[in-house]
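Here the structure comes first, spelled out in structure tokens, and everything after it is commentary.
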Amino acid sequence: MKHYYVTTPIYYVNDAPHVGHAYTTLACDVLARFMRLDGARVHFLTGTDEHGQKVEKAAAAAGMTPQAFTDKVSQNFRALAKALNISNDDFIRTTEARHIKSSQAIWRAIAANKSPKGRDNIYLGKYAGWYAVRDEAFYGENELVTGPDGKKRAPSGAEVEWVEEPSYFFRLSDWQDWLIAYYETENPGFIGPVSRRNEAISFVRQGLTDLSISRTTFKWGVPVPDAPDHIMYVWLDALTNYITAVGYPDTKTDLFSIFWPADLHMVGKDIVRFHAVYWPAFLKAAGIAPPQRVFAHGWWTVEGQKMSKSLGNVVEPNALIARYGLDPVRYFLLREVPFGQDGDFSHAAMVRRLNTDLANDLGNLAQRVLSFVAKNAGGAVSQPGALTAADEKLLGAARNLLPAVRAELAEQLFHKALDALWQVVGDANRYIDEQAPWTLRKTDPARMSTVLYALTETLRRLGLLLQPFMPDAMAKLLDQLAIPADARDFAAFERALVAGTALPAPQGIFPRYVEEGEATAGKGGQKGR
RNA sequence: GGCGGCGUAGCUCAGUGGUAGAGCAGGGGAAUCAUAAUCCCUUGGUCGGGGGUUCAAAUCCCUCCGCCGCUACCA
């Protein structure tokens, strides 16, 4: 049986969920749903990252223990997944016992092995430098700016403090050659898109320095094995979630043996380095296979501006869903922008996609076909006669969509998959106009029947393939085509509609978005007569 | 500073040597099954500027301008 393991990053608990989180999770959800329908056993993981000094401080500020604080805010991300109709199989929290155990196990495994140059992978040293709690990162002296208040700040604007403490280091510098070989020879498709791959390669090529992987100045983290004064660096802890969730350190379980290495870690472009450089090195050092692929998507701006708390323009997923509906939002986010590039979320663009692609092109196609069948073909699947070249062409285009969409999604090209699907939506609209069943009704009822059959069959295939993107809307469409529950996966893609099957009364799937205050007659948009 | 990318129709972008493309927006028409939806036709670009190679350049080379990403660092 095919299998597919896809992960979102674990989200930092004290962030408020915004459209960026929704985007990442949504992309994974579409892949997970597609693979399940395509017959794969799927494990889809998301969760929350709950350790680190920032969380410790936020909890203190809220007058709570870190555990109570994270118990509370972690719910925000479970709620987000629910609101987006996400089909994750597991939700991991880094504060869970299974994860503490797993993180300590990977530490021990890394420490037990030698680097490619025969040295210890982990050694005790001392770290001294400027540290920004907010960024969870160290900065060089020269990067800092001194503000008018006399405080030193990182380029990000975060306050920094001088930190000098004993620290364990990971001998990343010895892994450079192995990483390059992994990117270029062993797994050329490891990082996508290509622009990010090039950046990662050039970063590794210029030389790697050893990485500080423990801290002693705060407590909220996973204790380093046999060194209780130290807690593990948040990123080593966080990345390990991907193997925790499939049972590590118990590598003999079904979960681990079936699903590891992961097929895809979906990430935002800001965390490519952690996933594409540190993570494979940590894993290899621990004697564990690295993941198959890391894909970094872009950022959303809003109405042309960067999203930020200070601008007050952070887009909350719930607000979008309330305004436009869940499935239109899901569609928009994956259709509007070439996946991997940055994009802009604007009300105008959202409405354009909703009204043009969903209401006019697809929704209206379904409505005109199904209501015609209801009124003029006895409300049942029509009996086809001999097929003409035009019929074959439409049906063939619809049939070819499965391999086409499968190929695009194998490379996370959501926008291209949707574009291919909409080509056929257009084909069907052209076909119905050319065949004009409303004329055939009077002149050639048998031919009309064949035309309606070809159209409903095309709708069936479109509905099946669009389920991963818009599960609720496509369930409605497939209901209206009387497709039984056991005929909605891709194994049933060739199981054509049966003539004579009664169809329920058609209902609109995608209502048009009408601006507030705009009359139902529209304003000046009327063409022709 | 180094490496890389981008700059093509009003907007978003595709197109990597051989007569400039798509979607949306704009204009005209057809049809009337349908969510005032659909279909057809159409306006529109000296492909950032300049120079070069070539029979031929959006496409290759040089240079300049503008924007962006990664990364390094200076006095």
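So that the names make sense, note that chain A is the first sequence line, chain B the second, and so on, each numbered from 1.
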Position toward the 5' end of RNA chain B (nearest nucleotide), A:R335 or A:E199: A:R335

Student check: side-chain heavy atoms of A:R461 and A:L464 closer than 4.5 Å: no

Trace of the side-chain hydrogen bond (donor to acceptor under 3.5 Å, both in side chains) decision for A:W438 with A:N376: CA-CA 9 Å; A:W438 43 91; A:N376 303 299; over 6 Å; no

Base-pairing assignment for B:A22 (Watson-Crick or G-U wobble, both under 3.5 Å): B:U12

Rounded distance in Å - CG (A:L370) to C1' (B:U38): 16 Å

B:A75 to B:G52 separation - P atoms, rounded to the nearest Å: 43 Å

Contact nearer the 5' end of RNA chain B, comparing A:G426 with A:R353: A:R353

Nearest to side-chain heavy atoms of A:T356, which nucleotide of B:U35, B:A72, B:C24: B:C24

Residue A:N364, side-chain heavy atoms: nucleotide from B:G69, B:C33, B:A37 that is nearest: B:A37

Shortest non-hydrogen contact between A:T443 and A:P445, atoms and distance: C-CD, 3.9 Å

Euclidean distance, atom CG of residue A:L418 to atom P of B:U12 [Å, nearest integer]: 21 Å

Aromatic contact, A:W299 with A:F345 (centres under 6.0 Å): no

Distance between P atoms of B:C11 and B:G18 (Å, rounded): 27 Å

Integer angstrom distance from the C1' of B:C67 to that of B:U42: 34 Å

Sugar-phosphate, base or nothing in reach of A:S371, heavy atoms under 4.0 Å: sugar-phosphate

Interatomic distance, A:R352 CZ vs B:A25 C1' [rounded to whole Å]: 8 Å

Pair assignment for B:G7, Watson-Crick or G-U wobble, requiring both distances under 3.5 Å: B:C65

Pair assignment for B:C70, Watson-Crick or G-U wobble, requiring both distances under 3.5 Å: B:G2

Euclidean distance, A:L354 CG relative to A:Y324 OH, rounded to 0.5 Å: 9.0 Å

Distance between P atoms of B:A25 and B:U38 (Å, rounded): 9 Å

Spacing between A:L477 atom CG and B:U35 atom P, to the nearest angstrom: 16 Å

Options B:C13, B:A34, B:U32, nucleotide nearest the side-chain atoms of A:Q341: B:C13

A:N429, nearest nucleotide to its side chain (from B:U32, B:U35, B:U38): B:U38

Aromatic-base stack, A:W438 on B:C33, cutoff 5.5 Å, angle under 30: yes

Sugar-phosphate, base or nothing in reach of A:R205, heavy atoms under 4.0 Å: nothing

B:C33 versus B:U46 - spacing of their C1' atoms, nearest Å: 47 Å

Rounded distance in Å - OH (A:Y453) to P (B:C33): 25 Å

Lys/Arg-Asp/Glu bridge criterion (N-O < 4.0 Å) met for A:D210, A:R119: no

Which nucleotide in B:U38, B:A34, B:U71 has an atom nearest any side-chain atom of A:K375: B:A34

Sugar-phosphate, base or nothing in reach of A:D361, heavy atoms under 4.0 Å: sugar-phosphate

Pairwise distance SG(A:C28) to CD(A:Q412) - rounded to 0.5 angstrom: 9.0 Å

Spacing of the C1' atoms in B:A22 and B:G44 (rounded, Å): 14 Å

Whole-Å distance separating the CZ atom of A:F203 from the P atom of B:G69: 18 Å

B:A37 base / A:N360 side chain donor-acceptor hit below 3.5 Å: no

N/O (side chain, A:R512) to phosphate O (OP1/OP2, B:A37) under 4.0 Å: yes

Value in whole Å for how far the P atom of B:C67 lies from NZ of A:K306: 17 Å

Side chain of A:D433 - closest among B:C24, B:A72, B:U38: B:U38

Among B:C13, B:C39, B:U71, the nucleotide that comes nearest once only the side chain of A:R430 is considered: B:C39

Base-pairing mate for B:U54 - Watson-Crick or G-U, with both contacts under 3.5 Å: none

Counterpart base for B:A30, defined by Watson-Crick or G-U wobble contacts under 3.5 Å: B:U38

Spacing between A:K442 atom NZ and B:A31 atom P, to the nearest angstrom: 13 Å

Touch class at under 4.0 angstrom, heavy-atom based, for A:I509 against every strand present: base

Interatomic distance at C1', B:U54 relative to B:C62, whole Å: 16 Å

Residues A:R205, A:D177: salt bridge by 4.0 Å N-O rule: no

Touch class at under 4.0 angstrom, heavy-atom based, for A:Q206 against every strand present: sugar-phosphate

P atoms of B:G5 and B:G15, separation to the nearest Å: 15 Å

